[in-house]
Number of protein chains: 4
Amino acid sequence: MITSKDEITPRRADRRESLILAAFHSIAEQGFEGLRVREVAAQVGINSATLHHYFPTKEALIQAVAAYAIQRLVVTESPPEGTPRELLRAHLTRLYQQMQQEPALFVVLTEIRLRSQRNSAIQQFVQQQQAGWHERLTSILQAGIQQGQWPADLHAEDAASAIITFIEGASLGILSHPRRVAQSIAQLERWLTIG
Amino acid sequence: MITSKDEITPRRADRRESLILAAFHSIAEQGFEGLRVREVAAQVGINSATLHHYFPTKEALIQAVAAYAIQRLVVTESPPEGTPRELLRAHLTRLYQQMQQEPALFVVLTEIRLRSQRNSAIQQFVQQQQAGWHERLTSILQAGIQQGQWPADLHAEDAASAIITFIEGASLGILSHPRRVAQSIAQLERWLTIG
Amino acid sequence: MITSKDEITPRRADRRESLILAAFHSIAEQGFEGLRVREVAAQVGINSATLHHYFPTKEALIQAVAAYAIQRLVVTESPPEGTPRELLRAHLTRLYQQMQQEPALFVVLTEIRLRSQRNSAIQQFVQQQQAGWHERLTSILQAGIQQGQWPADLHAEDAASAIITFIEGASLGILSHPRRVAQSIAQLERWLTIG
Amino acid sequence: MITSKDEITPRRADRRESLILAAFHSIAEQGFEGLRVREVAAQVGINSATLHHYFPTKEALIQAVAAYAIQRLVVTESPPEGTPRELLRAHLTRLYQQMQQEPALFVVLTEIRLRSQRNSAIQQFVQQQQAGWHERLTSILQAGIQQGQWPADLHAEDAASAIITFIEGASLGILSHPRRVAQSIAQLERWLTIG
DNA sequence: GATGAATGAGCGTTCATTCAT
DNA sequence: TATGAATGAACGCTCATTCAT
């Protein structure tokens, strides 16, 4: 027998997620500047006072969106089978595909990156993600160097940093300059001799 | 002999500039989200009503800041003497120095880039600047290819795009991840064989 | 049994009405020129932000006041028993009594008449009311002519127009020239041979 | 020889008049609500600060407009030749013609009438004008009664009041309901047996 | 007399948040 | 949990008026 109590928790989680998604899309379309608690609540079909039962403050909602967006960008997933070159290629390809399929995610991520400079809670998310991402890229590159797929004088760490910097630049350009981003990715792959 | 009339125009221009600068720093520190006309006016020591004497609306002030910031980032300057490699190297070095000396400019530029996706007036500024920048990079690279400084199979346009994408990523990281940006730049210069 | 739900709507309606009344009196005393939403809200004992809970804009409040004032001036009521002469007499008497009892209503109505020249929403209210009023007056007069209470050569329409014009002039004078209005009404009734 | 001093006074008077006219038209189009000192000044081609050399306050300008408008409506002019009936007929005809030729004057006069209820300075102008007007109408009517042009039981004073009330109602309707005003005037003239 | 610059006071409106129900 | 009502604080902006030049 299902009591109402059994349902409350999943319902609560569902609604939290709906609110995060609604906020996410608001930010994608109007930036943090245009984010309105009332609007987010309305999109989910609830009163804005009710939203505060799920997120005590607007800031809490924003943090949840930040966590959600960052987790959406899977850059430290468990590596599938493949040589380092294949892994790196797959990594970039996957990111670029995601950029094309849901540019909104990358717009939001850039908003978050900018906001992280003034918001320590968000900064932590970002730092963590970037650290893991950098580590993973470095380990792929180092493995490749050891296997002779890249020259021994390639700086694995620097190249990892460059890839991240690059992807962040692409995130910023994907919506307004998609062609430039495509060219950039192609060039990056050539430099990494995985093109 | 200096009459009062001679001074009136410069004074007005001065105050306009002061307001733009104050707004610029507000945006650098708090983003567009945190930009308040009262605060900007106070920073300059005037009443907010007086600010509207110089900028009819907040939006006009924002556009002036955008124009100012974009013009500060000189990426299409008349080329100094040098070979294409030297030119490109100087270009990147100069940008990186500017990033270190005034990271605020790059933070604001990123804010502007983001806002340009929702503001057509700003979008025009950005488009124009990016077009000029891309053109200049391409011409440097093509000249270098012709002179044999870069392999003939280097895609000048793609590389130019990659450099821009890259610098935009660096702009986003310069404040919170300066080390990563430094490594990235070093790697980019190696890829461009100008390191 | 009265549930809270039963009460919510009347409460909301009550407050709306209170606000309309407060705005009405503000207009009566200070004209549209002197109407301040903060003041209206304060008169009702609420924050001005709360007023916007009931009326999204000042203009919406003004329209509600216009509708209220026009509806207060009942000039197209279902006719009570009586001959056309009696009806017309009762009509004028009633209007004059209302002028004396609540001159504020007529002041506000004049403000509305003036504003209707620049405000199409209000213009509609006014046009509708005047059309209905004119029609009713005309039908009373025509009935009277048919019954021989007025000479056959009386222009029912013209007389109806004259009565309306007359009442509007009286509305304008009732506060500052009550004696003149009294004399005017007396004279009008004599001309209509109902005095 | 004409010195600049000789010219200053007439120039000053001219400019004052221009400003009054500009304010008059502003009020006619937008009411007192929409009257802006800056706009009036701009219409005359001067700075709003300069306007304050001619009228110390907005209120002073408004009073000047009130005086101007009231003086424009000549209702106490020295009587031309004619019988009382002819005089009264000419009086009404002239007013109606003026209404058709420059309805703006009557709109402004109604604004002034309304404002006079809250502004003692304007109230004086209005009272004075109305007193003179009423006196003149009464004397015409009384003369006519004495000469047998109107029945002896016509109340001269009441009829004078009625005419004034009537014209004020017509002023309010001339712009939005010209047909109704025309019918009203025709009816009034019939009642006065001057039609 | 004329003006550009400046301002204080105030305006209508917004919005995240609180609270009684 | 859900909400309508309420609010304080603030926002961008307006405007008559003042003042130094």
Side-chain angles (χ1 to χ4, degrees), chain A residues 4-5 7-8 11-12 15 34-41 45-62, chain B residues 3-5 7-9 11-12 15-16 34-41 44-62, chain C residues 3-5 7-9 11-12 15-16 34-41 44-62, chain D residues 4-5 7-8 11-12 15 34-41 45-62:
Chain A
S4 71
K5 209 149 205 183
E7 288 185 327
I8 278 170
R11 266 189 194 162
R12 185 175 171 87
R15 183 151 281 179
L35 182 64
R36 298 286 173 264
V37 168
R38 259 186 167 73
E39 216 172 287
V40 170
I46 64 173
N47 188 288
S48 77
T50 307
L51 182 145
H52 281 88
H53 282 289
Y54 297 90
F55 298 97
T57 62
K58 187 185 186 183
E59 184 57 29
L61 173 61
I62 287 176
Chain B
T3 73
S4 70
K5 206 141 204 187
E7 286 185 329
I8 278 172
T9 309
R11 264 183 199 164
R12 185 174 172 90
R15 182 142 283 180
R16 265 186 71 95
L35 183 63
R36 300 286 173 262
V37 295
R38 267 179 173 80
E39 208 174 298
V40 170
V44 171
I46 62 173
N47 189 290
S48 77
T50 308
L51 182 147
H52 284 97
H53 207 65
Y54 295 90
F55 298 97
T57 62
K58 187 188 185 182
E59 185 57 30
L61 174 60
I62 287 175
Chain C
T3 72
S4 69
K5 206 141 205 186
E7 286 186 329
I8 277 173
T9 309
R11 265 185 198 163
R12 185 174 172 89
R15 181 142 284 180
R16 266 187 69 95
L35 183 64
R36 300 285 172 265
V37 295
R38 267 179 175 78
E39 208 175 298
V40 170
V44 171
I46 62 173
N47 189 290
S48 77
T50 307
L51 182 146
H52 283 95
H53 208 64
Y54 295 89
F55 298 97
T57 62
K58 186 187 185 181
E59 185 57 31
L61 174 61
I62 288 176
Chain D
S4 72
K5 209 147 204 183
E7 287 185 329
I8 277 172
R11 266 188 194 164
R12 185 175 170 86
R15 183 150 284 178
L35 183 63
R36 299 285 173 265
V37 168
R38 258 186 168 73
E39 217 173 285
V40 170
I46 64 172
N47 188 288
S48 79
T50 307
L51 181 146
H52 281 89
H53 282 290
Y54 296 91
F55 298 97
T57 63
K58 187 184 186 181
E59 183 57 30
L61 173 61
I62 288 175

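Proteins come first, then strands; the chains are lettered A, B, ... in the order of their sequence lines, and each starts at number 1.
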Inset, instruction - Output yes when at least one side-chain N/O atom of A/Arg12 is less than 4.0 Å from OP1 or OP2 of F/dT1, else no. - result: yes

Legend entry - Donor-acceptor contact present, side-chain B/Lys58 to main-chain B/Arg36, <3.5 Å: no

Inset, instruction - Measure the distance from NE2 on D/His52 to P on F/dA20 and round it to the nearest whole Å. - result: 17 Å

Legend entry - Beyond-backbone contact of B/Leu51 with B/Arg38, side-chain heavy atoms, under 4.5 angstrom: no

Legend entry - Stem segments of DNA chain F by first residue number [Watson-Crick or G-U, under 3.5 Å, at least 3]: E:2-21 with F:2-21

Inset, instruction - Please examine the side chains of B/Arg12 and B/His53, heavy atoms only from C-beta on, and report whether any two atoms are closer than 4.5 Å. - result: yes

Legend entry - For B/Ala41 against B/Ser48, the heavy-atom pair lying closest together: CB-CA, 3.6 Å

Legend entry - Inter-residue atom distance B/Thr50.OG1 - B/Ile46.CD1, 0.5 Å rounding: 5.0 Å

Legend entry - Within-4.5 Å side-chain heavy-atom neighbours: D/His52 and D/Thr57: no

Legend entry - Letter per nucleotide, 5' to 3', of nucleotides 6-11 of chain E [B base touched, S only sugar-phosphate touched, - untouched; heavy atoms, 4.0 Å]: BBB-BS

Inset, instruction - Kindly indicate whether the side chain of A/Val37, heavy atoms from C-beta on, has any atom under 4.5 Å from the side chain of A/Val40. - result: no

Legend entry - Short side-chain to backbone donor-acceptor contact, C/Arg16 and C/Tyr54, under 3.5 Å: yes

